[in-house]
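For reference, the structure is listed below as structure tokens.
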Amino acid sequence: MKNNNLSQYPNTRMRRLRKTRAIRELVEETSLNVNDLIYPVFITDKNNSENIELMPDIKRLCMNDLMQTAEKLVSHGIHAIALFPVIDKKYKSSNGEEAYKSDGLIQKTIAKLKSEFPELLVITDVALDPYTTHGQDGIIDDNNYVTNDKTIQILKKQALSHAEAGADIVAPSDMMDGRIGAIRAELEKNNFHNTLILSYAAKYASCFYGPFRDAVNSSDSLATGNKYNYQMDPRNSDESLREVALDISEGADIVMIKPAMMYQDIILKIKSEFACPVFAFQVSGEYAMLKAAANAGYLCHKESVMESVLSIKRSGASGIFTYNAIEIAQWLKE
Ligand code: PBG
């Protein structure tokens, strides 16, 4: 922008464009829309849904409640649901074999959702943390190091099992090197030419995933472990360009930045550099933080949630994972 072309006050009065609601709406640069929303859900094989202590008003959904939720999403015009399984301890193992069982919780859920709500896009998480006894996203060696290449072999099977069950979009959130290429090749080989890959390309090692780990019961498994040697360092920005470039070249259709609110510089940078579809994940800790502020009376719930999600959109994200998706869809209709 050429600032020197701007005529000076009083020829230019910026407030003219803000005087009435009508003119403000005409010159708006960003608008939040139901098309932007993706609803993440936790699913359980229990007969009843359960509350999640660290995420007030969000539940681990049993199959019946999940189907009702899906119906609600469709009726609001929300196009996509993202599934996160809560796996019973008895199915966890050190190599997470349960992750790719054709009759596993997630695979059965995908099939049921697609048969009842064919238009609703189903996005699945590709990572081993819900399935491993140690809570890491991959397979560990004797030194507790998450091995890259062995893990990819399992992730390939996991992603294929999701595609076979009917998933529209598989979303690797594990941050192993080379997994996008391996998953893409596996999908092509098995004739899933149109299964989309949403790569969590720039996923930071963030404390804001805390409530999620409580929700999927992986925090106990992870104990004092951490994910610093595979998730990105919050101090880094240029590194996200290399992550995204690699994932696109390996066959990702969409890239994700995560978390969202504290990483909007990264969203803007990636969108400007690659001009590809960029999604962002307003994660569990962001949800919990806004919820707590609202419950304490510090912030207006509706206004703070709407402003936060609109800002994520303004940064360049065209799809936003948010645990507030249903409320937002309702508010957008008011
Ligand atoms: C697992 C995964 C995580 C989230 C999405 N997929 C947690 C983690 O990496 O530890 C976090 C989502 C949220 O906090 O809402 N690979």
Side-chain angles (χ1 to χ4, degrees), residues 37-43 52-61 81-87 92 96 98-99 106 123-132 134-140 146 148 151-152 154-155 158-159 162 169-176 179-180 183 197-234 243 255-263 279-292 305 308-309 312 317 319-325:
L37 305 171
I38 296 154
Y39 191 52
V41 292
F42 300 104
I43 57 175
I52 299 166
E53 197 189 346
L54 304 184
M55 298 181 73
D57 301 326
I58 302 290
K59 288 182 187 312
R60 301 183 188 97
L61 297 175
I81 190 169
L83 306 178
F84 295 94
V86 182
I87 301 298
K92 297 193 187 198
E98 180 70 17
I106 196 84
I123 306 178
T124 59
D125 195 57
V126 178
L128 301 182
D129 52 329
Y131 301 97
T132 52
H134 43 76
Q136 294 290 0
D137 290 24
I139 300 192
I140 55 174
V146 177
N148 196 85
T151 297
I152 289 181
I154 309 284
L155 296 175
Q158 185 184 22
H162 294 175
I169 305 181
V170 294
S173 69
D174 55 284
M175 292 299 281
M176 297 302 115
R179 91 277 204 216
I180 300 299
I183 292 170
I197 300 181
L198 161 61
S199 157
Y200 287 66
K203 176 171 177 178
Y204 285 85
S206 170
C207 75
F208 288 90
Y209 308 148
F212 173 99
R213 293 178 190 168
D214 174 58
V216 301
N217 295 329
S218 72
S219 30
D220 293 346
S221 323
L222 197 59
T224 56
N226 62 60
K227 303 190 178 182
Y228 299 138
N229 64 32
Y230 48 103
Q231 298 181 346
M232 280 182 60
D233 188 327
E243 282 285 4
V255 294
M256 176 104 90
I257 315 301
K258 178 182 171 192
M261 285 157 70
M262 280 94 175
Y263 294 81
F279 286 4
F281 199 140
Q282 186 176 47
V283 299
S284 56
E286 301 177 68
Y287 170 85
M289 194 166 56
L290 289 169
K291 195 75 181 184
V305 168
S308 71
V309 177
I312 295 166
I320 300 161
F321 282 58
T322 169
Y323 296 99
N324 294 111

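Numbers here simply count residues along the sequence, with the first being 1. Whatever order the structure lists ligands and atoms in, that order sets their numbers, starting from 1.
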Ignoring hydrogens and angles, tell me if any N or O in the side chain of Y287 forms a donor-acceptor pair with the backbone of P56 under 3.5 Å.
->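 Yes; judged by distance alone, with no hydrogens or angles, the pair exists.
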Counting N and O atoms only, with roles assigned by atom type, does the side chain of Y263 sit under 3.5 Å from a partner on the main chain of P234, one being a donor and the other an acceptor?
->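 No; judged by distance alone, with no hydrogens or angles, the pair does not exist.
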Beyond-backbone contact of V309 with N324, side-chain heavy atoms, under 4.5 angstrom | no
Quick one: list whatever passes salt bridge (charged side-chain N to carboxylate O under 4.0 Å, His left out) with D174, sequence neighbours left out.
->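 With neighbours one apart ignored, the set is R179.
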Could you please provide the protein residues found below 4.0 Å of ligand 1 on a heavy-atom basis, arranged by chain and number?
-> F84, D125, A127, D129, D137, S173, K203, F208, Y209, F212, R213, K227, Q231, K258, F281, V283, S284, Y323
Residues forming a side chain to side chain contact (heavy atoms under 4.5 Å, CB included) with D233, sequence neighbours excluded |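 Partners of D233 by the side chain to side chain contact (heavy atoms under 4.5 Å, CB included) criterion, ordered by chain and then number, come out as R235, N236.
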Please identify each residue that fulfils side chain to side chain contact (heavy atoms under 4.5 Å, CB included) with I154, with sequence neighbours left out.
->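 Checked I154 against side chain to side chain contact (heavy atoms under 4.5 Å, CB included); matches are Y100, L128, I139.
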